[in-house]
Amino acid sequence: MAKAERKYWLMKSEPDVYSVEDLRRDGSTYWDGVRNYQARNFMRDEMQLGDWVLYYHSNATPPGVAGIATVSKSGYPDPTQFDAKSKYFDPKATQEKPRWFLVDLTFKEAFKELVSLERLKNAAEELEGMLVIKKGQRLSVQPVEKVHFKQVLKMAGAKAKLR
DNA sequence: GCCAACGTTGGC
DNA sequence: GCCAACGTTGGC
């Protein structure tokens with residue numbers, strides 16, 4: 001069987017809650033609390049070990065891509081859904097039939113300078129079709145095309161290189 | 001803090 | 001199964 005090709009993603013986090021610097025400090029983390037079915041499906045079904053992720057700071061000044069992480073564990077049930085004390089508790093979820101899934105991320109790089117949403121929008125030609133620059137796009141886990149991922153790395157002057 | 005966009009819920 | 005009401009996201 002051919003090895004599955006690496007996929008590319010963008011994941012949003014509010015830096016006040018958990019920033020790319022927090023991820024650098026911790027090394028890796030689990031992406032809990034996603035309660036959107038589309039985002040859930042990506043994490044459960046499509047994200048795989050070794051995928052690359054643009055780490056996006058939302059609700060920030062300015063918002064934008066702050067770094068890169070990699071998927072270090074593919075989809076598994078989000079434990080917070082079973083925890084009655086958690087704000088992410090879901091009474092309809094059971095161990096046998098979990099409703100929410102997450103992945104683990106490992107830190108790869110924090111950009112020297114954030115690639116702001118404004119810069120992404122200004123690069124509309126190179127980034128045409130990229131979901132994050134679309135109006136009203138709220139999805140917190142999004143697929144990213146390889147060429148777009150590459151372009152963002154270029155704009156960031158990232159150390160990490162895509163072959 | 002405002003509010004547009006959009007996902008989810010629930011009454012019918 | 002429709003759709004109004006409601007809740008959340010996230011840029012500004």
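Chain naming here is simple, since letters A, B, ... match the order of the sequence lines and numbering starts at 1 in each.
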Quiz prompt | side-chain contact (heavy atoms from CB on, under 4.5 Å) between A:Glu145 and A:Lys7, worked out | solution = CA-CA 8 Å; A:Glu145 289 175 34; A:Lys7 290 180 180 160; over 6 Å; no

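By the salt bridge (Lys or Arg N to Asp or Glu O under 4.0 Å) test, A:Arg24 pairs with A:Glu21, sequence neighbours left out. With sequence neighbours left out, the side chain to side chain contact (heavy atoms under 4.5 Å, CB included) criterion links A:Pro63 to A:Tyr56, A:Leu117. Take A:Glu126 and apply the salt bridge (Lys or Arg N to Asp or Glu O under 4.0 Å) test, not counting sequence neighbours, and it matches no residue.
A:Tyr8 and A:Trp52 have perpendicular rings, their planes meeting at more than 60° on a 0 to 90° scale where under 30° would count as parallel.
Positionally, the nearest nucleotide of DNA chain B for A:Lys135 lies more toward the 5' end than for the other of A:Lys135 and A:Arg35.
Counting non-hydrogen atoms of neighbouring residues, nucleotides and ligands closer than 6.0 angstrom, the OH atom of A:Tyr30 reaches no more than 12 such neighbours. Shown here is A:Gln137, whose CD atom has more than 12 heavy atoms of other residues, nucleotides or ligands within 6.0 Å.
For DNA chain B, none of the residues of residues 75-95 of chain A falls under the heavy-atom distance limit of 4.0 Å.
Among residues at least two apart or in separate chains, side chain to side chain donor-acceptor pair (under 3.5 Å) pairs with a member in residues 65-91 of chain A are A:Arg35-A:Asp78, A:Arg35-A:Thr80, A:Ser72-A:Thr106, A:Tyr76-A:Asp104, A:Asp78-A:Thr80, A:Asp90-A:Trp100.
For DNA chain B, the contact window with chain A, defined by any atom under 4.0 Å from a protein heavy atom, covers B:dA5 to B:dT8 in 5' to 3' order.
Using a 4.0 Å heavy-atom criterion, one finds that A:Lys121 contacts the sugar-phosphate atoms exclusively.
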